[in-house]
Amino acid sequence: MTVTAANQALIAQFREAPAPLLAVLHAFHDRDGFISEAALRAIAVGLRIPLAELFGTLTFYHHFAREAPGKDAPRVCTGPVCRLKGGLDILDALKSEGATPMPCAGRCDDCVPVLKGDDVFTGRSADALAVHATPLPPPNPGTHEECIFAEIREPERKTLAGYRRTGGYEGLTHAVTTFPTEVIATLKDSQLAGRGGAGFPTGAKWESVLNAPGEPKTVVCNADEGEPGCFKDRVILDYAPHAVIEGMTLAAYATGATRGFIYLRYEYPQTLKTLERAITAAETAGLLGENILGEGFDFHIYIRRGAGAYVCGEEGSLLNSLEGKHPFPRNRPPYPVTHGFENLPTAVNNVETLAAAAQILRHGAAWYQNLSYDTDLAGTKIISLSGDIQRPGNYEVPFGLPLKTLLYDWAGGPGMGRSIQAITSAGLSGGFIAGADLDITIDEPSFQKVGAMLGAAGIMVFDDTRDMLEVARNAMEFFAEESCGKCFPCRIGTQRLTEMLNGDANRALIQEIGEVMKATSACGLGTAAPNITESLMRYFPETLR
């Protein structure tokens, strides 16, 4: 077969599939190790996308290589935690192999990740790299009851048999014998809110999709998890993939959706294989696909991998990426619940949210409400904890738990003889928290009172040996690099703030730029980035000349 014929055959495999572009790009990237100009031209013709538009989309993503050694060259994490744990030294040691840096790869609990092809290695030096395996959550350190992690440590829970042995698919089995409105009522009564950061009520979102005109409707699982310091979705997908599949299927039944997508971040190649096996097993068992559980209900799930773009964690950017467009954020309104994938009603939910929904439909709304320590908030939150802490990992905490209980009692505090200088909140997006403000509880209102946000709940710890100006500078460089460039305030603002953290800092101008960015940026990246500089000036004013 000629190269041209082989290219055409590869494109033909996906041309009629939903959201074909990402699937086609990955197919070429996997086959050749990079996407050549000839391949790009063939894709443009085969999918009827203007070549210039396709080139702009392709080059927006970090991980699509355009020349050898391409995919086989090592990519070394230089995120906020890994750069302090040996990432820069590993990058330098692997330069002869064509190594390149990559932003936080979602393994802050097991530094330093290095991607080579579809393999993931971790280690603190280049000669100590070993095949990576996702760590299980630490044993429940408290007396509280968990929701998502309740059975996740059970053997073989990633398999269908293991999941069903611990009550998996009981919620779905009951739900399909009721009305969709009853499923939504249970979610609304539970007060489950989105766990990806925005905190929108899940039941209300599903109800909006159910009532919106237009077919087919879609459920999208946002598994892009690109926020530095966040790695909670990975442990759920690796050890409880069926919980997410069950949650998506419940969402489909409640909303009338017939198709679903898991948008999985590129840096999780092992998770891709786990999800593929889980989807096949669910389909074989009649829990997914056609005529689910014999109730005449059809729902299909497709996996689409991202390729390294932080902004694709924003739902508008994610939907544009799925549709094969340049992944800019969308203007809102309209919202995805009425104008989502292909401009049709779409429920976009985070991994943690969907896994919690499956447990709620199994145990009931009152059970979920009572998991919290805070009478005004329901349920739990998974915290990804990393950095200068003795026991990093994912912890499922009840809302209202004192932050210091997590940091010191559960995670062991900083290293011997060290003290905690600051933490970040919401990954990087919430900025820093330090000093007396660490005496708060873990919930969104408490974090907001100290000028931060809980958001996606990645917490990175920095002890008293760290240069906080350097940490802030690296954080702002990340935001500047990941800005999509669509809106002027973010595109220019992140660059100017980076410059001022690299030189003479004009505090009044830093404040003014931040205020403009927060008021006028098109998406959360531009509104969150100034939290870094504002919190640096608040807690560490002496670092700025």
Side-chain angles (χ1 to χ4, degrees), residues 1-68 70-71 214 216 218 220 222-224 226 259-266 272 300-332 334 336 339-346 348 482-487 491 522-523:
M1 182 182 292
T2 66
V3 173
T4 300
N7 288 347
Q8 291 174 346
L10 194 57
I11 295 167
Q13 293 180 31
F14 301 97
R15 185 183 290 115
E16 302 305 320
L21 179 60
L22 282 174
V24 169
L25 290 173
H26 277 289
F28 276 92
H29 202 246
D30 291 342
R31 187 193 71 180
D32 302 333
F34 61 96
I35 299 175
S36 66
E37 184 176 344
L40 195 64
R41 291 181 180 277
I43 295 168
V45 172
L47 297 184
R48 298 181 180 180
I49 302 173
L51 183 60
E53 179 181 323
L54 180 59
F55 181 84
T57 299
L58 173 73
T59 54
F60 186 85
Y61 299 103
H62 295 306
H63 288 299
F64 282 139
R66 298 193 57 242
E67 58 185 22
K71 186 177 177 180
T218 306
V220 175
N222 184 348
D224 197 47
R259 60 186 181 182
F261 296 98
I262 299 175
Y263 190 98
L264 179 67
R265 71 176 302 188
Y266 180 93
L272 172 66
H300 296 269
I301 293 177
Y302 308 89
I303 302 173
R304 292 293 180 263
R305 295 179 70 192
Y310 170 76
V311 75
C312 286
E314 192 274 336
E315 62 181 8
S317 299
L318 185 155
L319 292 171
N320 280 338
S321 178
L322 273 179
E323 292 180 5
K325 300 174 182 175
H326 198 84
F328 282 142
R330 295 181 176 183
N331 294 329
R332 295 180 296 181
H339 295 76
F341 181 69
E342 295 180 341
N343 216 32
L344 292 165
T346 302
V348 182
E482 294 297 332
S483 174
C484 73
K486 178 182 179 180
C487 71
R491 182 177 71 246
C523 80

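- R304 places no side-chain N or O within 3.5 Å of a backbone atom of F261 that could act as its donor or acceptor partner.
- Across all their heavy atoms, A27 and F14 have their closest contact at CB-CE1, 3.7 Å.
- Salt-bridge check for D32 with K71: failed, with every basic side-chain N at 4.0 Å or more from each acidic carboxylate O.
- A donor-acceptor distance shorter than 3.5 angstrom exists from the side chain of N222 to the backbone of G313, with no hydrogens or angles considered.
- K486 has no carboxylate O lying under 4.0 Å from a charged side-chain N of E314, or vice versa, which leaves the two without a salt bridge.
- For the pair H26 (side chain) and R305 (backbone), a donor-acceptor distance under 3.5 Å is present.
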Give the C-alpha distance, both sets of side-chain angles, the deciding distance and a yes or no for side chain to side chain contact (heavy atoms under 4.5 Å, CB included) between N7 and R41. CA-CA 10 Å; N7 288 347; R41 291 181 180 277; over 6 Å; no
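- At least one donor-acceptor pair under 3.5 Å links the side chain of R330 to the backbone N or O of G340.
- Of the possible donor and acceptor atoms, none in the side chain of S321 sits under 3.5 Å from a partner among the backbone N and O of P327.
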Please step through side chain to side chain contact (heavy atoms under 4.5 Å, CB included) for the pair Y61 and H29, ending with a clear verdict. CA-CA 13 Å; Y61 299 103; H29 202 246; over 6 Å; no
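- The CD1 atom of I43 sits 8.5 Å away from atom CD1 of I49, with the distance rounded to the nearest 0.5 Å.
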Would L54 and L21 satisfy side chain to side chain contact (heavy atoms under 4.5 Å, CB included), going step by step from the backbone distance to the final call? CA-CA 9 Å; L54 180 59; L21 179 60; 3.8 Å; yes
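- Note: L322 CG to F341 CZ = 6.0 Å, rounded to the nearest 0.5 Å.
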Give the C-alpha distance, both sets of side-chain angles, the deciding distance and a yes or no for side chain to side chain contact (heavy atoms under 4.5 Å, CB included) between F328 and C523. CA-CA 9 Å; F328 282 142; C523 80; over 6 Å; no
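- H326 contributes no side-chain N or O that, together with a main-chain N or O of E53, makes up a donor-acceptor pair within less than 3.5 Å.
- Checked by atom type and distance alone, the side chain of S36 never pairs as donor or acceptor with a backbone atom of F34 at under 3.5 Å.
- Judged by distance alone, with hydrogens and angles left aside, the side-chain atoms of E342 form no donor-acceptor pair with the main-chain N or O of E323 at under 3.5 Å.
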